[in-house]
K.L.:
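Structure provided below as structure tokens; questions to follow.
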2 protein chains.
Amino acid sequence: MAPSRRTVLSQSVASAEPGHGVTLADVALAAKVSLATASRVFSHPQLVRETTANRVHEAAQRLSFRPNLLGAKLRAQQTRILGVMLPTLENAVFAECWRGIEESAMVAGYSLMLVTSGYDTERERERIEYLLRHRVDGMVLTVADAAQSLVLDQLDKESVPYVLAYNQVSLPGRHSVSVDNRASACEGVKALITAGHQRIAVISGAFMASDRARQRFAGYEDAMRAHDLTPLAPVCLPSHTASNAMQIRELMTRADAPTAFFCTNDLLAIGVISDLKRLGRRVPGDVSVLGYDGIALGALVEPPLATVMQPNAEIGAQAVHQLLQRLQHRNLNHDDAAEGAFLLPHMLRLDGTVSAPR
Amino acid sequence: MAPSRRTVLSQSVASAEPGHGVTLADVALAAKVSLATASRVFSHPQLVRETTANRVHEAAQRLSFRPNLLGAKLRAQQTRILGVMLPTLENAVFAECWRGIEESAMVAGYSLMLVTSGYDTERERERIEYLLRHRVDGMVLTVADAAQSLVLDQLDKESVPYVLAYNQVSLPGRHSVSVDNRASACEGVKALITAGHQRIAVISGAFMASDRARQRFAGYEDAMRAHDLTPLAPVCLPSHTASNAMQIRELMTRADAPTAFFCTNDLLAIGVISDLKRLGRRVPGDVSVLGYDGIALGALVEPPLATVMQPNAEIGAQAVHQLLQRLQHRNLNHDDAAEGAFLLPHMLRLDGTVSAPR
DNA sequence: CTGAAAGCGCTAACAT
DNA sequence: ATGTTAGCGCTTTCAG
């Protein structure tokens, strides 16, 4: 049998491959303290005399000690890893949200594991399982439809703490951070009506795959009805491909063509604007377009995209915050019957692609 | 002292909190095999008789056993975790790249840990340290400037395998996956020249913070010189904020105003197009704009953004692939003196915002 | 305030 | 083919 690697190390390495392979035991040896004391210096500094602590720190420095988080995580009952599942990062909404998540988690000393589901429920299952195997302490996620999500049912059953981002739930057991999708959409559409529009069409993504899209549509209906206008059926576009132009064209060539579009997300809105331009319509001269999300890019284009703005980074940050709070309470065996849906304020940006109808 | 949790578990839990807390030892006990055999069923199935394996699988199923990857990772010398550091996800280039990274890593059975540096070298250091503490087996990253990057020096010193994405290196020791920044930029600018442009300005982001921006500028110079045209000094915009409009305006009001702009990334290009529109210039009627990156959004706007397209997802996928290969070789003690820069083909998209000068 | 020792869940020799 | 055993690096009682 080979001699103890430990011994070999403490004799020879010291400065060869810094950090790699140097364990707390090496540090303890070098500082002439026990492993326990060395550990305490990092985890509970107040429990150790300052001079001793200094010796340990010095030795750690000298050996380029880098704690192996895996060891700590395995030992502790909690990993201090949070799982994050987002539909995609290619929609800037979620990329902005990630920024908030990452920042909050880092300052709180939590690690992150990110997966994307691509709006695919089968992949959602796989990815959640993956996160669970890593023993994440909790999760921040956005699912297609929070009301009937198999993964949420599973997480509930296994009592894995999680907080939804963007999904807005009403059930008492589930927690979410979002804007008020319905009310904000209603407000946006009301602004269109106030500007003089009466025939307003809704363009949505895969309608049945997104609870938010439906909630926003409901907000549209609210606004229309509040003004005694007849809501139109939503136009659902599976993706932002060329084929969309046809549906838009069909709509625009009707005698009662809409004078304004409400798109349930900004990417869709940008696509619709392009489609309209290709049909020779000017935005907002001939037709107004209102988006939803408030991605940074919307302010970059000309004219700026009118939209219902969500505080994306803050949604992420707040979701982490709430999750961490739940983890705390859980540890204290507090029954956290806290309120379900945490609502953040939205804002309207109405210049740019919205004006009075011709 | 409480009785062994193990014993308690195997007597009572079984179906309470599935997965959570059920260990391989529980499964082994239930299947009446040793811990080692149970382990082998999952890691080296060919080493165990089929009937035994079935018993174990059955028990695992019944107890809702979920392997704790932390245990495995700690034990193995490799964690099968890859670290990923990208500047930001809010530029779709990197979000698209992440898709490629995630897919490749998942099929290879590797876990990921993502951090963003925000183009900030100090944060780069922190985040790398964070990844290192998690004992990632290797890294895929994009740094501000590969030629003088402290983190790369550190990774080299600690011999942590990594592959750069987007950064294009020439040094023998460093590996990268990218397009040929200089050649592709040259090609794009040549297309502008072929279209009839002679006064072509370059708009760049923080020039000194991005080696790619400089390489692309060099490509511009190559193209200009090849046609006996005088390259102009680059216009560096620190960010895509409103203040940019002023610099563009200054440029456009000169007698020898450029007839075309080459922007070193698509986001910048979209901002510049908006600035030009606000100045009353039409794109591409009055002035042409060529971007660089090929983000999906560029094809969505009208007119479509002319650009030098990189295969973003494939850059990510290929970077993971290369990294995994290096990890293999390393394990076999192969000296991997493989070539440094792996170049992927680029493409030009020239319709839309580029046309002949007036 | 510090040390000794027992694991966290899993895998890999080494022996049957 | 299967069992026994010794850890991976760390934290944390429990004793001094």
K.L.:
Name all residues meeting the side chain to side chain contact (heavy atoms under 4.5 Å, CB included) criterion together with B:Glu126; count only those two or more places apart in sequence or in a different chain, and write none if there are none.
P.N.:
B:Glu122, B:Arg123

K.L.:
Separation of A:Asn54 atom CG from C:dC1 atom C1', in whole Å?
P.N.:
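Between C1' of C:dC1 and CG of A:Asn54: 15 Å.
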
K.L.:
Does B:Arg49 or B:Gly71 map to a spot on DNA chain D nearer the 5' end, using the closest nucleotide for each?
P.N.:
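The residue closer to the strand's 5' end, by nearest nucleotide, is B:Arg49.
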
K.L.:
Under 4.0 Å, counting only non-hydrogen atoms across every strand here, what does B:Leu47 touch: a base, just sugar-phosphate, or nothing?
P.N.:
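Contact class for B:Leu47: base.
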
K.L.:
How would you list, by chain and number, every residue that makes a salt bridge (charged side-chain N to carboxylate O under 4.0 Å, His left out) with B:Glu129, sequence neighbours excluded?
P.N.:
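With sequence neighbours excluded, B:Glu129 shows a salt bridge (charged side-chain N to carboxylate O under 4.0 Å, His left out) to A:Arg66, B:Arg133, given in chain and number order.
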
K.L.:
In whole Å, I'd like the distance from the CZ atom of B:Arg75 to the C1' atom of D:dA6.
P.N.:
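Between C1' of D:dA6 and CZ of B:Arg75: 8 Å.
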
K.L.:
In whole angstrom, give the distance that lies between atom CG of B:Asp26 and atom C1' of C:dG9.
P.N.:
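One finds 10 Å between C1' of C:dG9 and CG of B:Asp26, rounded.
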
K.L.:
How long is the line joining CZ of B:Arg66 and C1' of C:dG9, in whole Å?
P.N.:
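For the pair B:Arg66 CZ and C:dG9 C1', the rounded distance is 15 Å.
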
K.L.:
Taking the side chain as C-beta and beyond, is there a heavy-atom pair between A:Val177 and A:Gln322 under 4.5 Å?
P.N.:
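Side-chain contact under 4.5 Å: yes.
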
K.L.:
Applying ring pair (Phe, Tyr, Trp, His ring centres under 6.0 Å), which residue pairs with at least one partner in residues 24-47 of chain B are found, sequence neighbours left out?
P.N.:
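Those involving residues 24-47 of chain B are B:Phe42-B:His57, B:Phe42-B:Phe65.
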
K.L.:
Would you kindly compare B:Pro67 and A:Thr51 by the position of their nearest DNA chain C nucleotide and give the one closer to the 5′ end?
P.N.:
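First, find each residue's nearest nucleotide; the 5'-ward one identifies A:Thr51.
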
K.L.:
State which residues pass side chain to side chain donor-acceptor pair (under 3.5 Å) with B:Ser34; sequence neighbours excluded, sorted by chain then number.
P.N.:
B:Thr37

K.L.:
Show me the side-chain donor-acceptor pairs of residues 103-111 of chain B shorter than 3.5 Å, one per line, residues at least two apart or across chains.
P.N.:
{"residue": "B:Ser104", "atom": "OG", "partner": "B:Gly100", "partner atom": "O", "Å": "3.1"}
{"residue": "B:Ser111", "atom": "OG", "partner": "A:His134", "partner atom": "NE2", "Å": "2.8"}

K.L.:
Would one find a side-chain N or O of A:His44 under 4.0 angstrom from OP1 or OP2 of D:dT12?
P.N.:
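Yes, within the criterion.
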
K.L.:
Do you know which of A:Thr116, A:Val115, A:Val143 makes side-chain contact (heavy atoms from CB on, under 4.5 Å) with A:Glu124?
P.N.:
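With A:Glu124 as partner, A:Thr116, A:Val115, A:Val143 yield a single side-chain contact (heavy atoms from CB on, under 4.5 Å), made by A:Val143.
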
K.L.:
Let me know the distance between NE2 of A:His134 and C1' of C:dG9, rounded to the nearest Å.
P.N.:
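Rounded to whole Å, this separation is 15 Å.
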
K.L.:
Please collect all salt bridge (Lys or Arg N to Asp or Glu O under 4.0 Å) contacts where either partner lies in residues 107-116 of chain B, sequence neighbours excluded, each pair once.
P.N.:
none

K.L.:
Rounded to the nearest Å, what distance is computed from the CG atom of residue B:Asn68 to the P atom of nucleotide C:dG7?
P.N.:
18 Å

K.L.:
Rounded to the nearest angstrom, tell me the gap between atom CG in B:Leu74 and atom P in C:dG7.
P.N.:
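Taking atom P of C:dG7 as the reference, CG of B:Leu74 is at 17 Å.
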
K.L.:
Note down the inter-axis angle between the two ends of the helix from C:dC1-D:dG16 to C:dT16-D:dA1, five pairs each, to the nearest 10°.
P.N.:
40°

K.L.:
Within this structure, what is the NZ-to-P distance between A:Lys32 and C:dT2, rounded to whole angstrom?
P.N.:
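Answer to the nearest Å: 16 Å.
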
K.L.:
In residues 34-43 of chain A, which ones come under 4.0 Å of DNA chain D, going by heavy atoms?
P.N.:
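Nucleic-acid contacts, sorted: A:Leu35, A:Ala36, A:Ser39, A:Arg40, A:Ser43.
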
K.L.:
Quick test of your reading: applying salt bridge (Lys or Arg N to Asp or Glu O under 4.0 Å), list the pairs with at least one residue in residues 139-155 of chain A, sequence neighbours left out, ordered by first then second residue.
P.N.:
A:Asp145-A:Arg214, A:Asp153-A:Arg174

